Every structure is written in C-alpha cells, then in structure tokens.
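I'd like to ask some things about the structure below.
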Amino acid sequence: MNSEILRTEAKRKGNKAHILAHQVSLQVASDVVKKLEKHQVSILNLENLKWATGRKYGSKWTHSQQQQALEHTCTRAGIRLRKVSPKDTSQKCHKRGCRIIHNSKHRTAWCTECKLTMDRDFNAAMNIVKYSFPIR
C-alpha cells in the first residue's frame, strides 16, 4: 500500500476515535445525571482529577473531558457540581478518619484502628462524600 493512503487512513481512524470518546463522555454524563435525578440529589461532589491526564494514568483521553461533560449536563439539569480536592481521600478511613494501610496488588485498604478491610476506591469515594471541601 501507498504510505500516503496509510497516513490518511490512520488520521481518519484517529478522528473517529476522538468523536467516539466524546460521545462516551456525553453518555456517561447523561447516565450519571439520570441517576442523580432519580435519587433527588442536588449536589454532586467530583474529585478534581485535572492532574491525572494521559497515558501515564492509564487513559488515552483526559479526565477533564469527562468532567466538562458532567459539568454541562449537571448545569442543564439544575444539579450543582463541586470539584473537591483528592488530598488524603485514599489515606483516611471513611468510618473514623484514621490512617489506613494499602495493599496495591489487591486494591484493598486496611484500617489499623477500626480493623476494617475495604476496597480502596470505595473508601476514597466515601471520603469525597464525607470529608470533602470545594477547591477555591
């Protein structure tokens, strides 16, 4: 095959992937807002992941694209969106706020005081809900 044809085809596929990623972001935002409306939630706390972009953190598209879609969809639905600091959300136990120990291989966390074993991501999400303060 001609190299020019291959370059053109690669560019076309890249554009299509970009469009699909945007559509996925919009659909996820729509699904989240539908669930928020169903449960009559008026404020959505969202971890500010502006720093976690690109392949280094396991994604080919930035988290900010998803956050922008959520902001737009929440605004249209009248739901307030607060970006909160992720600081210490995975370091504190969501039950009592004490320090926890991580097992990164199994993605679990263990609280030394509560003796509670939990999923790291669930613990961080509970901390975002419980201990979050908006970023200024």
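Because the structure is predicted, anything quoted here is derived from the model rather than measured.
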Output a table of donor-acceptor pairs, distance under 3.5 Å, between side-chain atoms of residues 26-38 and any protein atom two or more places apart or on a different chain; print 'none' if there are none.
| residue | atom | partner | partner atom | Å |
| --- | --- | --- | --- | --- |
| Gln27 | NE2 | Asp31 | OD1 | 2.9 |

Indicate yes or no: does Arg107 engage Asp119 in a salt bridge with an N to O separation below 4.0 Å. no
Count I, L, V, M, F, W, Y as connected when their side-chain heavy atoms are under 4.5 Å apart, and connections chain through other members. Are Leu46 and Val24 then in the same cluster? yes
Interatomic spacing from CG in Leu70 to OG in Ser25 - rounded to 0.5 Å: 8.5 Å
Look up atom CD1 in Ile128 and atom NE2 in His94, then write down how far apart they are to the nearest 0.5 Å. 13.0 Å
Which residues satisfy the side-chain contact (heavy atoms from CB on, under 4.5 Å) test with Gln68, sequence neighbours excluded? none
CE-CG distance between Met126 and Asp121, expressed to the nearest 0.5 angstrom: 13.5 Å
Run the side-chain donor-acceptor check on residues 109-116: report pairs under 3.5 Å with partners two or more places apart or on a different chain.
| residue | atom | partner | partner atom | Å |
| --- | --- | --- | --- | --- |
| Glu113 | OE1 | Arg96 | NH2 | 3.2 |
| Lys115 | NZ | Thr112 | O | 2.7 |

Just jot down the salt bridge (Lys or Arg N to Asp or Glu O under 4.0 Å) partners of Arg76, sequence neighbours excluded, or say none. none
Residues in side-chain contact (heavy atoms from CB on, under 4.5 Å) with Ile19, at least two apart? Gln23
Pairs touching residues 5-17 that satisfy side-chain hydrogen bond (donor to acceptor under 3.5 Å, both in side chains), sequence neighbours left out: Glu4-Arg7, Glu9-Arg12
Out of curiosity, does Ile100 fall in the hydrophobic cluster containing Phe122 (side-chain heavy atoms, cut-off under 4.5 Å, transitive links)? no
Give me the atom names and distance for the closest heavy-atom approach of Leu81 to Cys74. CD1-SG, 3.9 Å
Please check this pair: side chain of Asn123 against backbone of Lys92, looking for a donor-acceptor N/O pair closer than 3.5 Å. yes
Could you grab the distance from atom CZ of Arg80 to atom CD of Glu71, nearest 0.5 Å is fine? 13.0 Å
d(Gln67 CD, His72 NE2) to nearest 0.5 Å is 15.5 Å
Note, Met118 side chain near Lys95 side chain (heavy atom, < 4.5 Å): no
For Arg82 and Ile43: C-alpha separation, side-chain torsions, deciding distance, then whether side chain to side chain contact (heavy atoms under 4.5 Å, CB included) applies. CA-CA 7 Å; Arg82 291 190 319 179; Ile43 298 174; 3.9 Å; yes
